Amino acid sequence: MYGVDNHIHLGPIPNHSLDHPIKICVEDVSFWYGEKQALKNVSIDLYRNEVTAFIGPSGCGKSTLLRCLNRTNDVIPDVRMEGCILLDAENINAPNVDPPVLRRRFGWIAQKPNPFPWSIRFNITYGARIQGVINSRREADELVERMLRTVGMWDEVKDRLHESGTDLSGGQQQRLCIARALATEPEVILMDEPCSALDPVATANVENIIDQLRERYTIVIVTHNMQQAARVAQRTAFFHLGRLLELGDTEQVFVKPKTEQCQDFVTGRYG
């Protein structure tokens with residue numbers, strides 16, 4: 001077993017709780033883009049009310065697996081997956097599963113903030129109205145305030161709801177995107193490097209939101225920021241060349257990694 005020789009600041013809850021049931025079970029998943037294999041026999045359990053961080057060097061399969069979870073890889077030509085992914089014990093790739101309906105159970109936060117070029121209010125209500133979460137002006141008003149309070153933005157923008165979401169600062173735009181994702185009432189939140197384009201203050205705001213959301217959602221985050229993974233995640237998965245090399249409580253992965261590759265990555269020797 002390898003010990004980490006640099007300082008890692010762990011979050012307040014850096015370990016998995018045995019009280020939390022499995023939300024998603026990934027069983028022996030392999031994935032190809034054409035002839036190129038991106039994932040090799042990956043198995044991992046993702047738990048309710050916990051954050052799982054996917055770490056590893058670029059091109060190791062982290063984002064590919066994230067997109068397998070909500071089947072957004074389906075829209076890419078010439079791809080193939082083997083193995084099984086269970087959401088609440090049901091196979092998400094079963095013939096009777098409608099991919100658009102499945103994707104409604106997931107919220108997606110992209111690497112770069114991507115608010116709609118319309119009002120702050122429209123950003124939050126659009127998906128919720130289409131999916132039948134809200135049906136009246138009163139419900140829309142309540143949803144907008146509730147979502148903006150959830151991401152700590154209500155006092156900042158309550159008098160600017162008709163201004164464009166693209167006029168906000170980068171950190172505010174990303175928090176608006178989180179509010180937009182939450183408005184459709186997902187069960188799982190997928191985050192693909194959500195803070196890579198943000199400054200330290202905006203990053204801290206997003207991390208605080210993640211910690212609060214963990215109480216209600218299953219969260220999976222891809223990040224290249226090792227300190228971020230250590231701060232927000234209860235479990236961490238280390239990927240290398242398409243394989244899952246290490247998986248465990250965040251404290252164990254960062255403080256006492258079991259593999260030399262993980263040791264070298266979390267200490268900054270490469271990556």
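None of the values given here were measured: they were computed from a predicted structure.
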Look only at the side chain of [X] and the backbone of [Y], and say whether a donor-acceptor pair between them is shorter than 3.5 Å.
X	Y	answer
Ser30	Asn41	yes
Asp249	Gln252	no
Lys62	Pro57	yes
Thr218	Val188	no
Glu207	Cys195	no
Glu187	Phe106	no
Thr52	Val220	no
Asn73	Thr64	yes
Gln234	Ile13	yes

Heavy-atom side-chain proximity of [X] to [Y] below 4.5 angstrom:
X	Y	answer
Glu260	Arg269	no
Val266	Ile55	yes
Val157	Leu168	yes
Leu46	Leu69	yes
Gln228	Thr203	yes
Ser43	Leu244	no
Ile210	Val51	yes
Ile189	Ile109	yes

Can you list the steps and then say if Ile124 with Leu176 is a side chain to side chain contact (heavy atoms under 4.5 Å, CB included)? CA-CA 8 Å; Ile124 295 174; Leu176 176 61; 3.9 Å; yes
I need the [X] [atom1] to [Y] [atom2] distance, nearest 0.5 Å.
X	Y	atom1	atom2	answer
Ile85	Ile92	CD1	CD1	4.5 Å
Met153	Ile209	CE	CD1	9.0 Å
Met147	Thr125	CE	OG1	12.5 Å
His240	Thr259	NE2	OG1	9.0 Å
Arg121	Glu163	CZ	CD	14.5 Å
Leu39	Glu82	CG	CD	11.5 Å

Under 4.0 Å between a Lys/Arg side-chain N and an Asp/Glu carboxylate O for [X] and [Y]?
X	Y	value
Glu145	Arg149	yes
Lys23	Asp45	no
Arg235	Glu251	no
Glu246	Lys258	no
Glu50	Arg48	no
Arg105	Asp88	yes
Arg71	Asp74	yes

Looking only at non-hydrogen atoms, find the nearest pair between [X] and [Y] and report the distance.
X	Y	result
Glu139	Val133	OE1-O, 4.5 Å
Trp118	Asn123	O-ND2, 3.4 Å
Phe265	Gly56	CZ-C, 3.4 Å
Ala181	Pro186	O-CD, 3.3 Å
Pro115	Arg180	CA-NH1, 3.5 Å
Gln173	Thr166	NE2-O, 3.3 Å

Test salt bridge (Lys or Arg N to Asp or Glu O under 4.0 Å) on Arg137 and Glu142 and set out the steps. CA-CA 9 Å; Arg137 176 64 183 252; Glu142 292 173 353; over 6 Å; no
Is a donor from one side chain sitting under 3.5 angstrom from an acceptor on the other, for [X] and [Y]?
X	Y	result
Asp192	Ser63	yes
Ser196	Gln111	yes
Arg214	Asn49	no
Thr223	Asn225	no
His9	Gln227	no

Group every Ile, Leu, Val, Met, Phe, Trp and Tyr by side-chain heavy-atom contacts under 4.5 Å, then state whether [X] and [Y] land in the same group.
X	Y	value
Ile22	Val42	no
Ile24	Val222	yes
Val253	Ile44	no
Ile219	Leu86	no
Tyr217	Leu143	yes

Test: ring pair (Phe, Tyr, Trp, His ring centres under 6.0 Å). Region: residues 41-83. Which pairs qualify, not counting sequence neighbours?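 Sorted result for residues 41-83: His16-Tyr47, Phe54-Phe239.
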Decide side chain to side chain contact (heavy atoms under 4.5 Å, CB included) for Asn114 and Cys177; before the verdict, give the C-alpha distance in whole Å, the side-chain angles of both, and the deciding distance to 0.1 Å. CA-CA 7 Å; Asn114 58 350; Cys177 291; 3.4 Å; yes
Worked verdict on Ser119 versus Arg160 for side chain to side chain contact (heavy atoms under 4.5 Å, CB included): CA-CA 9 Å; Ser119 72; Arg160 304 167 53 194; over 6 Å; no
Taking the inter-plane angle between the rings of Tyr33 and Phe31 on a 0 to 90° scale, is it parallel (under 30°), tilted (30 to 60°) or perpendicular (over 60°)?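 Perpendicular: the ring planes of Tyr33 and Phe31 meet at over 60°.
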Can you establish whether the number of heavy atoms outside Tyr126 located under 6.0 Å from its atom OH is more than 12?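 At most 12 heavy atoms, drawn from other residues, nucleotides or ligands, come within 6.0 Å of this atom.
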Atom CD of residue position Glu156 - does it have more than 12 heavy atoms of other residues, nucleotides or ligands inside 6.0 Å?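 Yes, CD of Glu156 has more than 12 neighbouring heavy atoms, counting only those of other groups under 6.0 Å.
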Hey, mind stepping through Phe254 and Thr236 against side chain to side chain contact (heavy atoms under 4.5 Å, CB included) and telling me if it holds? CA-CA 9 Å; Phe254 279 94; Thr236 296; 3.8 Å; yes
